[in-house]
Number of protein chains: 2
Amino acid sequence: MRRITLDDVANLAGVSPITVSRVLRKPDVVSPALRLRVDAAVKELGYVPNLAASRLASSRTHAIGVIVPTLYNVIFAEYLFALHDVLVAAGFQVIVVNSRYSEIEEENAIKALLGQRVEAIIITGTHHTPLSRQLLTQAHLPVVETFELSPDPIDLNIGMSQEQAGQTATRHLIERGFRRIAFLTGNLDHRAQSRFEGYRVAMQQADLPNLPIVAERPRHSSVALGSDLFAITCAHGDVPEAIFCTDDNLALGAMQECRKRGIRVPDDIAIMGFHDLEFAACAAPSLSSVVTRRFETGKLAAEKVLAALASSARSKSEQIDLGYALIPRESTAV
Amino acid sequence: MRRITLDDVANLAGVSPITVSRVLRKPDVVSPALRLRVDAAVKELGYVPNLAASRLASSRTHAIGVIVPTLYNVIFAEYLFALHDVLVAAGFQVIVVNSRYSEIEEENAIKALLGQRVEAIIITGTHHTPLSRQLLTQAHLPVVETFELSPDPIDLNIGMSQEQAGQTATRHLIERGFRRIAFLTGNLDHRAQSRFEGYRVAMQQADLPNLPIVAERPRHSSVALGSDLFAITCAHGDVPEAIFCTDDNLALGAMQECRKRGIRVPDDIAIMGFHDLEFAACAAPSLSSVVTRRFETGKLAAEKVLAALASSARSKSEQIDLGYALIPRESTAV
DNA sequence: ATGAAAGCGCTAACAT
DNA sequence: ATGTTAGCGCTTTCAT
């Protein structure tokens, strides 16, 4: 079962291989008569061009590599959606690899993408192994680090200050008069850790004690986890006055656990989420949260990559702060 | 900025290119002395093999194509997770493409994957365009259709009867004495449609009227949508006795809308979800749902593909029904 | 255990 | 507008 090649099509159509190639890539350069013959032959044989050969010959892959930590988190689904939209429309293939929050797996992902000769890499976060940094730098292709701001970007950087956002959320609770404010998280990836750092700083400035509630082993954020973690806290007998969750899923879980236990939100406890997921506004009570701009992050990252690829000139490294916004709702009302 | 090639490494190491190639692919065939020299040269130059060249020369891609409708739905994230685990461990690359619930985009995805010469295709659903079917059949590679059972599988098929599941869920509500049972959905992709069909049949058999509540334009399932759709229903003045939601997200949204309106679950209205998402058990009240086996689906699909690839023999087409299970919880208690 | 020669299927560059 | 030639960077096959 030999696969059909360009030559087969050329033979059937009675033209040279390069003409077939042209019909497929720049049809307007070929005379209508030949074009029709070639198209017919392509269809008849069910010819599908071999991308590997094309990539090798042209040394263009039209592929962009994207590394995300996980596919479980809607945040990244939304981000990928936006990326995809822009890049596919521009004729690029998007190759998504997930690092599972591991810097080692991230390094492997980078190697795999470079092996495929992607034309640019868009990578979540700003913390990488030394080798990862080296590979990305030496590859001489556009690199975008996203979701955080780096003190020392590899190339481009589009994100927001996770720490500032953590501070803002915590201050909101402090200003409303809460003292015993807990911080709830399932894992401490770099972004959650930065938000925690913001919380810590805000609490310290207000002369209040930290109250971290962290899952024993790292787990991805989920409603069930929020419920579990809050239940454990209650079991220890110290129900806080307010909790700041690293993520709206956790917040929703905590809220449901409150309901089960007859703890009223916000009367008995205030709950603050993060990311403003779609359900935050319609939860009962509605959930205060911090809006993050993941669609914009994806869109902008893709556009910057396209721009860098278009201007063959070495793109100057650039940092863009997309910011965030706190949305107070019922769950933290006083 | 020429890229480093195998020849560069060979020159630096003072060996022939083929030796470098061997060191990279079957190190135990090369003498330790040369192996060390080559490894050093690879490291020094930061050499990363060109996958396109390797694929072209060996006519093996070690790539498996996976088509899913969307990345927004956790169902598919879980499925991909399982697929990934098995396939990556076996040395394959997984190329994920989403069809956005469009058969046309699915057709394009198939073409793109075949162009990349993937060694197998795992595709969601059993409804495809005629050309899609033809391409998949003619490609002579393992194909797995998932999540549904096909009356006429292309090759392998791993799934469950969405219609049966829809019937089971509806009967559960009927048996509990509810008469005015609504069916809530945001879109009618083939799986949702089959569940609706199951609902329709069960209602007809019980001599009860249909009460479909469908979003005006197709929207992906979300908590907010569940809330919206239920609110619209209430606005029309006809609050049903029970609702069967195509998806737990919708169910949760409906539940929250009930709370806002002072409608008690399950006292005033029963709510039934689908898929048993992680939050169903910890919702307050806990949500009755239908467990579907997406991890197993992914794992099994991957294993079947590996088996088919291992035995060069033409795999016989096979159909596996993974079933489902109804979990009654508080939201439909009487 | 190592190497030389040929070729995978396409496209760039240069004719005509 | 169409064709010819050469070669992309690897691996296969067949020596040695």
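These numbers were taken from a predicted model, which means no experiment stands behind them.
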[X] [atom1] to [N] [atom2], straight-line distance once rounded to whole Å:
X       : N      : atom1 : atom2 : result
B/Leu24 : D/dT12 : CG    : P     : 13 Å
A/Arg60 : D/dG9  : CZ    : P     : 16 Å
A/Asn11 : D/dG3  : CG    : C1'   : 14 Å

(message) Walk along nucleotides 7-16 of chain C from 5' to 3' and tag each nucleotide B, S or - by protein heavy-atom contact under 4.0 Å, base first, then sugar-phosphate.
(response) BBBBBBB---
(message) Quick test of your reading: applying side-chain hydrogen bond (donor to acceptor under 3.5 Å, both in side chains), list the pairs with at least one residue in residues 24-39 of chain B, sequence neighbours left out, ordered by first then second residue.
(response) B/Ser21-B/Arg25
(request) Determine which pairs satisfy side-chain hydrogen bond (donor to acceptor under 3.5 Å, both in side chains) with at least one residue from residues 116-127 of chain B, sequence neighbours left out, and list them in order. (result) A/Gln93-B/Gln116, B/Arg60-B/Glu119
(message) Can you list everything that forms a side chain to side chain contact (heavy atoms under 4.5 Å, CB included) with A/Pro17? Sequence neighbours excluded, please.
(response) A/Leu6, A/Asp7, A/Ala10
(request) Mind checking side chain to side chain contact (heavy atoms under 4.5 Å, CB included) for B/Ala112 and listing every partner two or more places apart, or none if nothing turns up? (result) none
(message) Keeping B/Ser132 on the side-chain end and B/His128 on the backbone end, is there a donor-acceptor pair under 3.5 Å?
(response) no
(request) Rounding to 10 degrees, work out the angle separating the end axes of the helix from C/dA1-D/dT16 to C/dT16-D/dA1 (five pairs an end). (result) 30°
Check residues 74-84 of chain B and write down every donor-acceptor pair under 3.5 Å in which the side-chain atom is one partner and the other belongs to a residue at least two apart or another chain.
residue	atom	partner	partner atom	Å
B/Glu78	OE1	B/Arg294	NE	2.5
B/Glu78	OE1	B/Arg294	NH2	3.0
B/Tyr79	OH	B/Thr146	OG1	2.8

(message) Tell me which pairs pass ring pair (Phe, Tyr, Trp, His ring centres under 6.0 Å) where either residue lies in residues 12-63 of chain A, with sequence neighbours left out.
(response) A/His62-A/Phe92
(request) Name all residues meeting the ring-ring contact (aromatic ring centres under 6.0 Å, His included) criterion together with B/His220; count only those two or more places apart in sequence or in a different chain, and write none if there are none. (result) B/Tyr72
